[in-house]
Amino acid sequence: MAARRDTNVDIGKLRALHDVMLRVRASENALSRLFADSEIPGFIHLSLGQEAVAAGVCAALGPRDTLATTHRGHGHVIARGMDLDSFFKELMGRAGGKCGGRSGSMHVADMSLGILGANGIVGAGIPLALGSAIAHQTRGTGGVAVAFFGDGAMAEGALHESLNMAALWELPLLLVCENNGWSEFSPTERQFKGTLKGLAETFGLVHRVVDGNDIEATAAAAEEAVAHARDKGPFVLECMTTRVRGHFEGDAQKYRDTEEMQGLGAKDPIARSRARLGDLGVAEAELDDMATAAERQVAAAVEAARADPLPDFDAALADVYTRRGTA
Amino acid sequence: MAARRDTNVDIGKLRALHDVMLRVRASENALSRLFADSEIPGFIHLSLGQEAVAAGVCAALGPRDTLATTHRGHGHVIARGMDLDSFFKELMGRAGGKCGGRSGSMHVADMSLGILGANGIVGAGIPLALGSAIAHQTRGTGGVAVAFFGDGAMAEGALHESLNMAALWELPLLLVCENNGWSEFSPTERQFKGTLKGLAETFGLVHRVVDGNDIEATAAAAEEAVAHARDKGPFVLECMTTRVRGHFEGDAQKYRDTEEMQGLGAKDPIARSRARLGDLGVAEAELDDMATAAERQVAAAVEAARADPLPDFDAALADVYTRRGTA
Amino acid sequence: MPQSRYIRAINKALADALEADPDVIVMGEDIAEAGGSFKATRGLLERFGPQRVRDTPISEYSISTAAVGAALTGLKPVVEIMFMDFVTLAMDGIVNQAAKSRFMFGGQASVPMVVRLPHGGGVNAGPQHSQCLEAWFAHVPGLKVVCPATVEDAYALTRAAIDDPDPVVLVENKALYALSGELPDEVAPARIGEARIARDGADVTVITYGATLHACLKAAETLAGEGVSAEVIDLRSLQPWDKATVLASVARTHRAVVAHEAVRDFGIGAEIAAVIGEEGFDDLDAPVGRVGAPFMPAPFARSLEERYIPDAGAIAAAVRRTLE
Amino acid sequence: MPQSRYIRAINKALADALEADPDVIVMGEDIAEAGGSFKATRGLLERFGPQRVRDTPISEYSISTAAVGAALTGLKPVVEIMFMDFVTLAMDGIVNQAAKSRFMFGGQASVPMVVRLPHGGGVNAGPQHSQCLEAWFAHVPGLKVVCPATVEDAYALTRAAIDDPDPVVLVENKALYALSGELPDEVAPARIGEARIARDGADVTVITYGATLHACLKAAETLAGEGVSAEVIDLRSLQPWDKATVLASVARTHRAVVAHEAVRDFGIGAEIAAVIGEEGFDDLDAPVGRVGAPFMPAPFARSLEERYIPDAGAIAAAVRRTLE
Ligand SMILES: Cc1ncc(C[n+]2csc(CCOP(=O)(O)OP(=O)(O)O)c2C)c(N)n1
Ligand SMILES: Cc1ncc(C[n+]2csc(CCOP(=O)(O)OP(=O)(O)O)c2C)c(N)n1
Ligand SMILES: [Mg+2]
Ligand SMILES: [Mg+2]
């Protein structure tokens, strides 16, 4: 595991990371309630318990960098800086959604932030990011492409094919596995016999594993990983983390034993970073204020989304292809 | 490399293996001539220089075992015992071909021998054999499924997915990579950064590499591999071998340097086994007779094929689906 | 008559097939321990064990191709691809291996496998979880394609697909899973390729399949109120499809509308309309109407998806046009 | 007027596009060092270097999906899938990613990529190296599908496909690669969606695309000898396709035949025939004839493939039937 650096901690930075995690947490909690009240159509996969991966990795990215994420991508896009209003409008199926309400949770994208989209196809984000890295290399943008993927996605051949091409072409590609131990309703160990470390090393790529619920360790590992991807080529970062909610909202998780569920609290990345900030002398009141502020921002975004009109069908139908002069 | 056992060699067995290789060699040489004379429609990929892999592996198989091969599958099906008449009739597009002349070189199959077909799709034989192994396991046949594949096919995600499932379910599956260093017109090292050993071990599978042009070593390794697959589960056998002809007939191989081409003679599996048999006291005359006999068998099969009628269109059209009571 | 939900009928058909033939197996993602994302396979693991009811990794390509190898080695695999949208990863096994093996091998072997593909929208699942791609498979020689619209057919066609010696693509509309209807204890075996006249009529023939059948029956009800008698044909099987029943009906009604949830252009309805136009040319008193989703990806927002999926209103309107 | 072979015209179009726009790249198996299995990319590596002309491993799935990521990051990738048959491994990138991204992302981005898919038979390549699967793509909203039949179009449509802001499937018939024809130094830009009247006629409209155009022109010649004047329309683009030109022609001739090499059932011709039957209903004096491959996999043997691929005789016969 990447070393936790206790010397000269940058409190401001840690506070900022904590703040991002709070925003993700507040958003996911709000989505959970909205879904229960059927204010969210379709189905949603929450990243509660995985906030540190999103915050830590996105903090290490620069403006030219691009990322492709998964069906569980809310944390990544929010941590990348997506505007909460257009995020909630999208998930609630409103006209003002970043994607016009056309695709919802599973396809949120924000090209202005280099977010190439969440994805409904497990594993597809890996070759998508591979291609983005090809573009960074060919166009000399200096950018890095990041692919977030889950442990269940490791079984898809896309990982193998992409690891190979990434290695072959020494692409500026960062592969981030969010290993939460679960693939839908099955523990991933019942589905995958390999190891990401073994695969990466077979292709001659650097692999690091980090406690993905330790924001400092994750942020530090991500900085190293992004720098390496930018200057030396592909890097595989495996973040051990925890899925707190069901595979999707509405999943009662009967298949998980109470012991595992009870253990989640102790692993909570936000409780941990909050305690850490406390140790470093940040006042409880201030920490409470940060949390309340995040919730207020989210509440405001939800209100804005509720007030937003529904998408117009004809406008959507007219936008399947690029009208010349518009793209 | 698997050890070459010099003690108490079974000359009869070596002679039999040599005989199989001669039959494959004679067949491929005949096909090369027939293709040049445009007696073979379409395109064909010859296994000249790779005969020892086919002979060695197939000699280790039992009657219940099944195999899936590649676009370069002539050697495998002949070594498995396919009748030369129906083989040549198929490749020459005749009604008496084992597949009714409907599919030719790239799809030769003989269900009576457990040959699930050559394949036009690189890599597809791997999951096909995986499925065959699932059937052996589920039905308790005691059979082993073998997948032959080339080094270029290692880049396909199918390998990764199948290694995982083979390991997960401990299937009676033998994966045989014929590593001839080439993927069409490119050296495989320009296409693949991983190693088969690394991949196999990542999934906890046994991997052996053998000199695939040494018939004794290959046959010995194959025996170990098949026994392991039958009793203990998946086994990955990598046979280092040599592609003598072009990717397909008609390929002038301008992309290969003369040095490599000149080195092929010394590596020729048949010259080596012939020399070995000579050392073991088999008379030159007898070895010549074996070669002539193989050529005679092939010549006879070619004649039979030439005399065979062309396939009937309506019969083919009527056989796209199973007529009830016929399957 | 006992009632059942559509999904339970599929579950019962799978169980009965597993019971009847030891060579039948079921494979897919989360289908064993979890009983399937839509619960089609609930309880099968407990009854038939982990070798015949296999939870697979997320490896659609190799799963579908493995099913072909298994079928060529004596099994009758039933593969579940969780959403039809994911079949984009499984096309090779279905199209290049399963569909062609019998023909390619000169009839030496058949490939008795079934691929279950839940399709369709109505649950705001968005562009990658709502597609109806059955037209792809109907265009591939060697495949059969069936699509049950009723609870009884959910059972009968699943059994027929499994019993069939050739590869069958079994298309199930997710919106029908909760449908309840009659399921006799003894379901009469279905013959793949046989359509069913779901409602008799004299003025116009409405040809459909899957979930859209219910919209067509609703439309027929509305039209009846307007004095228009619509005959509704449930194709049940798309490849092969029951030309005879369709043409005989059109010969009586002289008007036809083909309706489905899939995108209209280059969809199943194109072939049906083309054949009616060709073989029923002299019978037709009006152009064959076609109803299908507009040419756009399946949208997510409620306000968009509502208008995207063809409903009874759209079907009734198309019928009225044939009567103008 | 300078002559060129069809394959050289594609090669020149790729070279000119690479020359004109630094964001254009070409990717595929053995396309760089070896210049491509059919030599479409010969010489490009030498001129444009290994970053813009990339030899890829045998990884169709990831290559096609990577093209989408590259396009979303500013490149205009041209991917070669060696044989259209192998696109079974590349469907996800094309259908779930490329086709839908623009729509899914609310118009934030376009996906300017081209997938080159050599299709068709005539070279005894057998069931997995001869398929014509273009109907699959024409059914997918977000994709465009073009199919050049002439040397000039091989150039013009390749350029148009690369210049197009949306994903284009470029279908090339392998049997045409050796065709020679005129290639002006300055080729007029093609508009995707515009058909071309390849031969004027008054009695019947023959609609086709790709290699079958040449069989149709031959049939028209034969028919002319019988006093039948056939108009031949080369669609050039299948999605979108030029309804206006087709319907205008049928309005004049009152008869139509659609012909292509792809399997007839559920093929491109079904949509064309359905639309003519619907929108040209009152113009038609005879059923729309359809000519396509029979419902079987592409066979290998010469005696089988000869009869499998629709020829001028089959087309002329279909035309005669519309005149009976
Ligand atoms: C190609 C494909 N197969 C299956 C699915 C259904 N599915 C959605 S999420 C998921 C499990 C993914 O597990 P993992 O990659 O670990 O991500 P996590 O849900 O744990 O974040 C599956 C099987 C899908 N969306 N796409
Ligand atoms: C899916 C697929 N992609 C590409 C091809 C074209 N192709 C045929 S053989 C071949 C190279 C295979 O190399 P290898 O696996 O090493 O086998 P070898 O020819 O050396 O025996 C390629 C790319 C194909 N047939 N199928
Ligand atoms: Mg997971
Ligand atoms: Mg090779």
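Within every chain, numbering begins at 1; the chains are lettered A, B, ... in the order of the sequence lines, protein sequences first and strands thereafter.
Counting all heavy atoms, side chain and backbone alike, B:Arg102 lies closest to C:Gly107 at NH1-N, 3.7 Å. Residues C:Leu143 and B:Tyr321 come closest through the heavy atom pair O-OH, 2.5 Å. When all heavy atoms of C:Ala70 and B:Ala135 are compared, the closest pair comes out as O-CB, 3.8 Å. What you find for C:Phe105 and B:Leu116 is that their closest heavy atoms are CZ-O, 3.3 Å. Considering every non-hydrogen atom in both C:Thr73 and B:Arg139, the closest pair reads O-NH1, 3.1 Å. Here the closest heavy-atom approach between residue C:Ser62 and residue B:Ser162 is recorded as OG-OG, 3.6 Å.
Note on B:Ala315, B:Ser103, B:Gly100, B:Ala133: by heavy-atom pairs under 4.5 Å with chain C, the leading option is B:Ser103. In terms of heavy-atom pairs under 4.5 angstrom with chain C, the leader among B:Leu168, B:Asp110, B:Val108 is B:Asp110. Contact count against chain B (heavy-atom pairs under 4.5 Å) is highest for C:Gly142 among C:Pro141, C:Ala67, C:Gly142, C:Gly49. The greatest number of non-hydrogen atom pairs below 4.5 Å with chain B, out of C:Leu72, C:Ile63, C:Asp92, is found for C:Asp92. Among C:Gln108, C:Gln51, C:Lys144, the residue making the largest number of heavy-atom pairs under 4.5 Å with chain B is C:Gln108.
Side-chain contact between C:Thr56 and B:Trp169 is present, with at least one heavy-atom pair separated by less than 4.5 Å. Side-chain atoms of C:Pro57 and B:Met165, non-hydrogen and from C-beta on, do get closer than 4.5 Å to each other.
Here NE2 of B:His107 is found 10.5 Å from CZ of C:Phe103. Values are rounded to the nearest 0.5 Å. Separating the CD1 atom in B:Ile121 from the OG1 atom in C:Thr65 is a distance of 9.5 Å, to the nearest 0.5 Å. Within the model, atoms CD1 of B:Ile134 and CG of C:Leu75 stand 8.5 Å from one another, a figure rounded to the nearest 0.5 Å.
Within 6.0 Å of CZ on C:Arg42 lie no more than 12 heavy atoms contributed by other residues, nucleotides or ligands. Atom NZ of C:Lys39 sits in a crowded spot, with more than 12 heavy atoms from other residues, nucleotides or ligands closer than 6.0 Å. Applying the 6.0 Å contact sphere to CD of C:Glu278 captures more than 12 heavy atoms from other residues, nucleotides or ligands. Within 6.0 Å of atom CZ in C:Arg191, 12 or fewer heavy atoms from other residues, nucleotides or ligands are found, so the atom counts as exposed in its surroundings.
There is no contact between B:Ala129 and chain C, counting heavy-atom distances below 4.5 Å. When heavy atoms are compared at a cutoff of 4.5 Å, B:Ala316 approaches chain C by way of both its backbone and its side chain. Interface remark: B:Ala68 contributes no atoms to any contact with chain C (heavy atom separation under 4.5 Å). Only the side chain of C:Asp23 comes within contact range of chain B, with at least one heavy atom under 4.5 Å from a heavy atom of that chain. Looking at B:Ile126, there are no atoms closer than 4.5 Å to chain C (heavy atoms on both sides), in backbone or side chain. Heavy atoms of B:Asn119 lying under 4.5 Å from chain C belong exclusively to its side chain. Proximity to chain C (any heavy atom under 4.5 Å) is shown, for B:Leu173, by neither the backbone nor the side chain. Heavy atoms closer than 4.5 Å to chain C are found in the side chain of B:Thr66, but not in its backbone. Contacts of B:Asn164 with chain C are made by side-chain atoms alone, with heavy-atom separations under 4.5 Å and no backbone atom involved. For B:Glu90, no part lies under 4.5 angstrom from a heavy atom of chain C.
Although no hydrogens or angles enter the test, the distance criterion places no donor-acceptor pair under 3.5 Å between the side chain of C:Gln97 and the main chain of B:Ala124.
In the model, C:Ser59 has no side-chain atom that pairs as donor or acceptor with a side-chain atom of B:Glu161 under 3.5 Å.
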